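These notes are about the structure you will find just below.
Per chain, numbering begins at 1; letters A, B, ... match sequence-line order. Because the structure is predicted, anything quoted here is derived from the model rather than measured. Below, each value reflects all heavy atoms present in this structure, side chains not excepted, and no hydrogens, waters or symmetry copies.
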2 protein chains.
Amino acid sequence: MTTPQNPNFAAIDAVVAQAAAAADFWADSSATQRATLLRGLADALEQQQAELVVIADRESGLGEARLNGEVARTAFQLRGFASEVEAGVPYRQVEDHAVAGAPPAGRPRLTRVQRPLGPVAMFSASNFPFAFSVLGGDTASALAAGCPVVIKPHSGHPELSRAVFALAAGVVRAQGLPAGLLTLAEAPNRAAGTYLVQHPSIAAVAFTGSYQGGKALWQAANDRERPVPFFGELGSINPLVALPAVLEKDSEALARTLAGSITLGCGQFCTSPGVVVLLDSPHSQRFVAQLAEAIAPIATHRMLTPGMQQGFEAAAATVAANATSVFAPQADGAGPSPRLFATDAVSFIANAHLREEMFGPAALIVTANSVAQAAEVLEAIGGTLTTTLWGLDADNTDNRQLLRAAQRVSGRVLFSGVPTGVAVCHAQQHGGPWPSSTAPQSTSVGFAAIERFLRPVALQEAPTWVLG
Amino acid sequence: MTTPQNPNFAAIDAVVAQAAAAADFWADSSATQRATLLRGLADALEQQQAELVVIADRESGLGEARLNGEVARTAFQLRGFASEVEAGVPYRQVEDHAVAGAPPAGRPRLTRVQRPLGPVAMFSASNFPFAFSVLGGDTASALAAGCPVVIKPHSGHPELSRAVFALAAGVVRAQGLPAGLLTLAEAPNRAAGTYLVQHPSIAAVAFTGSYQGGKALWQAANDRERPVPFFGELGSINPLVALPAVLEKDSEALARTLAGSITLGCGQFCTSPGVVVLLDSPHSQRFVAQLAEAIAPIATHRMLTPGMQQGFEAAAATVAANATSVFAPQADGAGPSPRLFATDAVSFIANAHLREEMFGPAALIVTANSVAQAAEVLEAIGGTLTTTLWGLDADNTDNRQLLRAAQRVSGRVLFSGVPTGVAVCHAQQHGGPWPSSTAPQSTSVGFAAIERFLRPVALQEAPTWVLG
């Protein structure tokens, strides 16, 4: 395949060429080779954990406790995908033996195998400097599938990205594997990112980030002469519906839990609950007061980048201009003080400004006058990673309506607890209808994430050597 | 959800509203309900087979033998998806029990379920008036998944479409099911098709047809405020590589088989072999002569529509202007006479005009000077439903290179026989990289086709009644 010639992006051409040169080798690699690499990366990450967390904290301000937890998750993911490979997931075959006679019942022998897509361009996230960055879930699942990964580091943590990449490159080298399996593409601006996505040797894209940036890159992938799969996680409002019955008792504890979830990591989680839907009732009113009391004094740490702080303030100002502020901001931390806004369901459904994501420590209370109207609020949101439904204990018509709406718009539906914190397991689904994902049938968290980078191929009457 | 108001498309609004109104009922329907409907449709189709085939033959000119076979396939598909539903495919769950302790190992209980996407807009194909039309594979798999289907009939067989739809509506009615499960949207022009694809209540699109028309509708789906999955099968060249060793003996029989495949159905199959890659050798030269002798006198039936005949003649003229004609067209049938063109690999790779699909009874011989160059020919094609590799018996470096290239660009790789004729089974994969599919990880033929219309949802700590 001809490499495009653009002198401004010679460095991108060079690393993509390395990745392309390694693609056949890695596509044909054994489970042992892939698992050994993934476990080697996890081990190396943990060995340098102390130094890396210092760098990550300096660049992100997320704090050592959170960052140590994130390293543990990152290593867990790498080892988890090693186990998936050892269990044969990317090598699985579906066999249909030949049937004599005329079609439709008669048929040749067919074997359905899975093939890796090829070099993946992976755009790191700002808010998970370890778990969705250089060696994060996208990289782990792509390597497990048999794809080389061209890593686009996030500008929010450049030194950490280089340090983790150096560590990873060392593991690749020590295991005698081609350097092209993991490469770093510094793509410091939109044009460079577009160039990477449109490179003819790139076979798929994984992206976690903002709606605006992600949509532009998705468009760039679609504008290629040959569009390729684009797995983008772009934005999510994560509504939480609390029915009055659940607020009758323990509402103060629930308010504290929710306040903690809204402000966790200064609200910089893709699953941060941004809309709280309540039914018009005295219990709901008391809950709003308790939530306000719990959240107002929480001091946040600084946001990841000045740009994200500006983006949050702008989004919060838009909501403020279209809704009521429940209290005047008062907490005095390094980051923005928490906000709580309120509106009614009719306004929320009618006004798109109220449905924009505030990526920071803020939420909007939406009061509905019925369960049916609460369901309409969910439908108006349209696409979200998660919906949380508190108090859906009984099987009745109202609850079924809410459940249907939640399932229609979400990748994950919670019936207790809060949406922040995403378990890495087989049943996880992180990705819902647009805009929460550009590929709503895929997940970017959990072990099913490997499927994004595999494509089925049917082999008809294959000789023995082909099926290995 | 608000229905858009456009008086020109009131009929489309009306049927989509019917489909949307039936969506919840069908999403929650039991395996028995779905299987009973699918089998009822198959039975009704067979009961009216004789009358329907007469109409289909009058409109399509495909001949009664072929059309009777197609009815058998259509009924086989409907019953096959009924069996899939009864086996629990759309109801399957992945369960991760709760694990005590902190993340990443600690986790809540999660259950991954599959949910139907919602109303599917299904664009019928011209070349399969039964099997990829009103009650074809897309409709069968969408109904099996739990989605209502809004059928856009093909203008090439309007009377048949209405007759099959009337039959289907009768089955729906007789089983006491909502009429919105199957509706007919007459969308006679591009604007109407775009309107249907962009209707906010349409949750996914299935399309089989031309590259130009399909790409425009794919773009329309992506231009929605909330883009939805678009499963389009747009075009395919279906290269066949014949290594010299396989042409040493029986080459005359192989030439006859290949000539039959190229001209089958007047070449109007998405898997019709359009490019024949040969290595420069005396055996290859003899094979070209044998193929020419076999194909030149074949009389074809008329093409499906005048537009398709014009399109074929235009594409064949483009190839003729850029390659050599192996013989002067001579057969005298109701349809176009078969064509055979020849070029070399370097020209084929350099000249995009030679890689355009000729949807009709024609093929282009491409002569390569090495197996490596034959692999480059495949890479230049980029995306195709099928690649056929004749003579790959031995495991050696050359054959591995060809195999890799074929797997990279194709949804199905054949090691003997011809690509026309697509078995309906579990291992089938019909769909490869762009442009053969807009969603290359999905299949439109075979039982995995149901996955296109399902979306995973993770339920966290779900009450018993929710998991049913």
Side-chain angles (χ1 to χ4, degrees), chain A residues 1 24 69 72-73 76 94-96 103-105 107-108 110-112 115 118 222 226-229 379 382-383 392-393 395 403-404 407-408 410-417 421 423-429 433-435 438 440-441 443 448 454-463 465-466, chain B residues 1 24 27 69 72-73 76 94-96 103-105 107-108 110-112 115 118 222 226-229 379 382-383 392-393 395 403-404 407-408 410-417 421 423-429 433-435 438 440-441 443 448 455-463 465-466:
Chain A
M1 195 165 286
D24 281 345
R73 174 179 164 165
F76 182 84
V94 175
E95 178 82 26
D96 276 327
R107 66 185 184 213
L110 281 159
T111 312
R112 186 179 170 94
R115 296 293 299 173
N222 285 343
R226 290 177 187 150
V228 294
E379 301 276 5
L392 241 68
D393 305 317
D395 180 4
L403 174 64
R404 273 197 212 99
Q407 290 188 127
R408 184 147 44 221
S410 321
R412 178 164 54 115
V413 180
L414 298 83
F415 298 86
S416 69
V424 179
C425 56
H426 290 88
Q428 189 55 271
Q429 173 64 20
W434 184 282
T438 60
Q441 295 168 298
T443 181
L454 294 167
R455 184 171 61 78
V457 176
L459 304 177
Q460 185 167 325
E461 302 288 4
W465 71 267
V466 168
Chain B
M1 193 164 288
D24 281 345
R73 176 181 164 165
F76 182 84
V94 175
E95 178 82 28
D96 276 327
R107 67 183 184 215
L110 281 160
T111 311
R112 186 180 171 92
R115 295 293 298 173
N222 285 342
R226 289 176 188 150
V228 294
E379 301 276 5
L392 242 67
D393 306 317
D395 181 3
L403 174 64
R404 274 197 211 98
Q407 290 186 321
R408 185 147 43 221
S410 321
R412 178 165 54 116
V413 180
L414 297 85
F415 298 86
S416 69
V424 178
C425 56
H426 291 88
Q428 189 55 273
Q429 172 64 21
W434 185 280
T438 61
Q441 295 168 298
T443 181
R455 183 171 61 78
V457 175
L459 304 177
Q460 185 167 324
E461 302 289 5
W465 71 268
V466 169

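Remark: A448(A) pairs with T443(A), R112(B) by the side-chain contact (heavy atoms from CB on, under 4.5 Å) rule, at least two apart or across chains. Residues passing the salt bridge (Lys or Arg N to Asp or Glu O under 4.0 Å) test with R408(A), sequence neighbours excluded: E379(A), D24(B).
Among P103(A), P440(A), P108(A), the residue with the largest count of heavy-atom pairs under 4.5 Å with chain B is P440(A). Heavy-atom pairs under 4.5 Å with chain A were tallied for R115(B), E461(B), Q429(B); the largest tally goes to Q429(B). Heavy-atom pairs under 4.5 Å with chain B peak, among S416(A), G69(A), G421(A), S410(A), at S410(A). Note: V413(B) leads V413(B), L403(B), L110(B) in heavy-atom pairs under 4.5 Å with chain A. Taking chain A as the reference chain and counting heavy-atom pairs below 4.5 Å, the highest number among P435(B), G118(B), G382(B) is found for G382(B). Heavy-atom pairs under 4.5 Å with chain A were tallied for C425(B), A423(B), A462(B); the largest tally goes to C425(B). Ranked by heavy-atom pairs shorter than 4.5 Å toward chain A, the options T111(B), V466(B), D395(B), V424(B) are led by D395(B). Of the listed residues E95(B), R404(B), R455(B), the one with more heavy-atom pairs under 4.5 angstrom with chain A than any other is R455(B).
For the pair D96(B)/H426(A), a side-chain contact is recorded, criterion being any heavy-atom separation below 4.5 Å from C-beta on.
Interface residue L414(A): backbone and side-chain heavy atoms are both found under 4.5 Å from chain B. If you measure heavy-atom distances from L459(B) to chain A, the contacts under 4.5 Å come from both the backbone and the side chain. The contact between P456(A) and chain B is made by backbone and side chain atoms together, counting heavy-atom distances below 4.5 Å. Heavy atoms closer than 4.5 Å to chain A are found nowhere in A27(B), neither backbone nor side chain. Contacts between D393(B) and chain A at a heavy-atom distance below 4.5 Å involve the backbone alone (N, CA, C, O). In this structure, chain A has a heavy atom under 4.5 Å from the side chain of P229(B), while its backbone stays farther away.
Of all the heavy atoms in L392(A) and W465(B), the pair that sits closest is O-NE1, 2.9 Å. Taking all atoms of both residues into account, the shortest heavy-atom contact from F76(B) to A105(A) is CE1-CA, 4.0 Å.
In this structure, the side chain of Q441(B) engages the main chain of L454(A) through a donor-acceptor pair within 3.5 Å.
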